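Only heavy atoms go into these numbers, but all of them, side chains included; no hydrogens, no water, no symmetry mates. Because the structure is predicted, anything quoted here is derived from the model rather than measured.
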Amino acid sequence: MYDDGKYYILIAEGVTDCSLLEAILETCLGFVQYQKVSELPTLFREMIGKYPTATGELQRQDSPVFFHRNCVGVAVKQASGCNKIPSKIGMLAELIDKLDTYESFGGFLVFSDTDLKTKDEIREDFASKFQKDGLVFGNDYLILDGNRMVCKLYLFPTSGVGAVEKLLLACADLSYGQLCQDARRYRDKIMSEEYRELRKKHWVKKEAVQEFYADKVQFGVVSAVLKPDRPVRFAIKDELIRKNFLDLYMGLDEFRELHNFLCENLVM
């Protein structure tokens with residue numbers, strides 16, 4: 001068990017977001033996954049999910065994926081919904097306070113889609129939710145019982161609205177152009193008038209949000225071709241975010257901004 005370093009918690013909404021972040025950590029920034037529980041620092045060990053046998057439940061609590069590079073450790077945590085991000089951070093902040101690991105804790109780095117909200121709306125919503133848990137949310141920090149912790153929000157996209165599939169499709173268009181365009185034709189078919197009732201029934205009624213779902217459909221087609229026998233996360237990590245594509249991707253403003261955010265903040 002190693003505690004002589006700086007440790008960060010990178011938290012995002014869902015599997016797709018986390019898979020992209022994990023892929024960038026490994027492929028672009030040289031992080032590798034921890035292989036043994038015994039290697040984890042105390043904070044990370046306490047974040048591992050356990051079966052709550054005392055309550056008789058069978059469902060396992062969720063665990064992050066852990067990475068390290070030299071003396072910097074990163075836990076990538078899924079929040080299972082943007083609205084749940086503040087409460088997840090609140091619980092982890094309580095854990096940091098309980099363990100008194102303020103000195104070695106580098107901070108929370110939060111990746112959140114804007115969807116249809118403005119950046120100010122998201123920050124205000126987070127601040128309100130943090131306040132309910134006794135946390136003060138300021139400009140890139142949280143305060144719990146007088147102790148300050150770094151808490152930086154990366155809101156995607158940096159301009160406009162959308163979700164993470166928007167960036168994944170931009171990457172796929174550069175590296176698998178023909179496949180991405182064929183998937184676009186499938187997307188356009190699903191977005192046509194003849195599928196209107198199906199979309200309203202199985203997606204959401206708001207047409208602006210349906211555009212985000214259409215991105216998911218299009219990227220789902222791309223990932224199904226790249227990894228037909230595996231979940232989407234494997235297409236992202238194994239086939240999309242690859243070293244030989246990185247120069248192409250760094251030409252995308254959104255990819256470069258996210259890469260630089262992680263690079264600049266995950267430091268000793």
Peer 1: Is there a path of hydrophobic side-chain contacts, each under 4.5 Å between heavy atoms of I, L, V, M, F, W or Y residues, that connects L266 with I241?
Peer 2: yes
Peer 1: Evaluate the side-chain proximity of T16 to L168: yes if any heavy-atom separation is below 4.5 Å, no if none is.
Peer 2: yes
Peer 1: Can you tell me how far the CZ atom of R187 sits from the OH atom of Y213, to the nearest 0.5 Å?
Peer 2: 14.0 Å
Peer 1: Quick one: do D253 and R256 make a salt bridge, cutoff under 4.0 Å?
Peer 2: yes
Peer 1: Do E124 and K129 sit within salt-bridge range, that is, some charged N less than 4.0 Å from a carboxylate O?
Peer 2: no
Peer 1: Surrounding CG of D247 (heavy atoms of other residues, nucleotides or ligands, distance under 6.0 Å), is the total greater than 12?
Peer 2: no
Peer 1: Do the charged groups of E39 and K36 touch, with an N to O distance under 4.0 Å?
Peer 2: no
Peer 1: Given the rule that I, L, V, M, F, W and Y join up when any side-chain heavy atoms are under 4.5 Å apart, are F31 and F111 in one cluster?
Peer 2: yes
Peer 1: To the closest 0.5 Å, what do you measure between CD1 (I11) and CG (L21)?
Peer 2: 11.0 Å
Peer 1: Donor-acceptor check, side chain of Y154 to backbone of L258, threshold 3.5 angstrom: yes or no?
Peer 2: yes
Peer 1: Give me the atom names and distance for the closest heavy-atom approach of K166 to P157.
Peer 2: NZ-CG, 4.2 Å
Peer 1: Just how far is it from atom NZ of K200 to atom CG of L198, taken to the nearest 0.5 Å?
Peer 2: 12.0 Å
Peer 1: Could you tell me whether K119 atom NZ has more than 12 heavy atoms of other residues or ligands within 6.0 Å of it?
Peer 2: yes
Peer 1: Taking the six-membered ring for Trp, are the ring centroids of F44 and F66 within less than 6.0 Å of each other?
Peer 2: yes
Peer 1: Do the charged groups of K216 and E211 touch, with an N to O distance under 4.0 Å?
Peer 2: no
Peer 1: Identify whether the distance between the nearest side-chain nitrogen and carboxylate oxygen of E22 and R233 falls below 4.0 Å.
Peer 2: yes
Peer 1: Taking the side chain from Q78 and the backbone from A12, do they hold a donor-acceptor pair closer than 3.5 Å?
Peer 2: no
Peer 1: Check the pair R230 / D238 against salt bridge (Lys or Arg N to Asp or Glu O under 4.0 Å), numbers first and verdict last.
Peer 2: CA-CA 11 Å; R230 306 300 295 274; D238 297 344; 5.6 Å; no
Peer 1: Find the distance between CG (L99) and OG (S104) and round it off to the nearest 0.5 Å.
Peer 2: 9.0 Å
Peer 1: Dump the intermediate steps for side chain to side chain contact (heavy atoms under 4.5 Å, CB included) on V136 and L142, then the final yes or no.
Peer 2: CA-CA 5 Å; V136 176; L142 283 173; over 6 Å; no
Peer 1: Same cluster for I24 and I9 if Ile/Leu/Val/Met/Phe/Trp/Tyr side chains link at under 4.5 Å?
Peer 2: no
Peer 1: Would you please say whether a donor-acceptor pair under 3.5 Å links the side chains of E254 and T158?
Peer 2: yes
Peer 1: What I want to check is whether the side chains of S175 and Y249 have a donor and an acceptor closer together than 3.5 Å.
Peer 2: yes
Peer 1: When clusters are formed by joining ILVMFWY residues with side-chain heavy atoms under 4.5 Å apart, either directly or through shared neighbours, do F130 and V110 land in the same one?
Peer 2: yes
Peer 1: More than 12 heavy atoms of other residues, nucleotides or ligands under 6.0 Å from CD of Q33: yes or no?
Peer 2: yes
Peer 1: If you measure from SG on C180 to CZ on F219, what distance do you get to the nearest 0.5 Å?
Peer 2: 9.0 Å
Peer 1: Would D173 and Q181 count as having a side-chain donor-acceptor pair, cut-off 3.5 Å?
Peer 2: yes
Peer 1: Could you state whether V221 and L167 fall into the same hydrophobic cluster, counting links through intermediate Ile, Leu, Val, Met, Phe, Trp or Tyr residues with side-chain heavy atoms under 4.5 angstrom apart?
Peer 2: no
Peer 1: If you measure from OH on Y102 to CG on D97, what distance do you get to the nearest 0.5 Å?
Peer 2: 3.0 Å
Peer 1: After noting the C-alpha distance and the side-chain angles of E207 and R196, does the key distance pass the salt bridge (Lys or Arg N to Asp or Glu O under 4.0 Å) rule?
Peer 2: CA-CA 10 Å; E207 292 190 2; R196 177 186 292 273; 2.8 Å; yes
Peer 1: Flag the pair F156 / F261 as yes when their ring centroid distance falls below 6.0 Å, and as no otherwise.
Peer 2: no
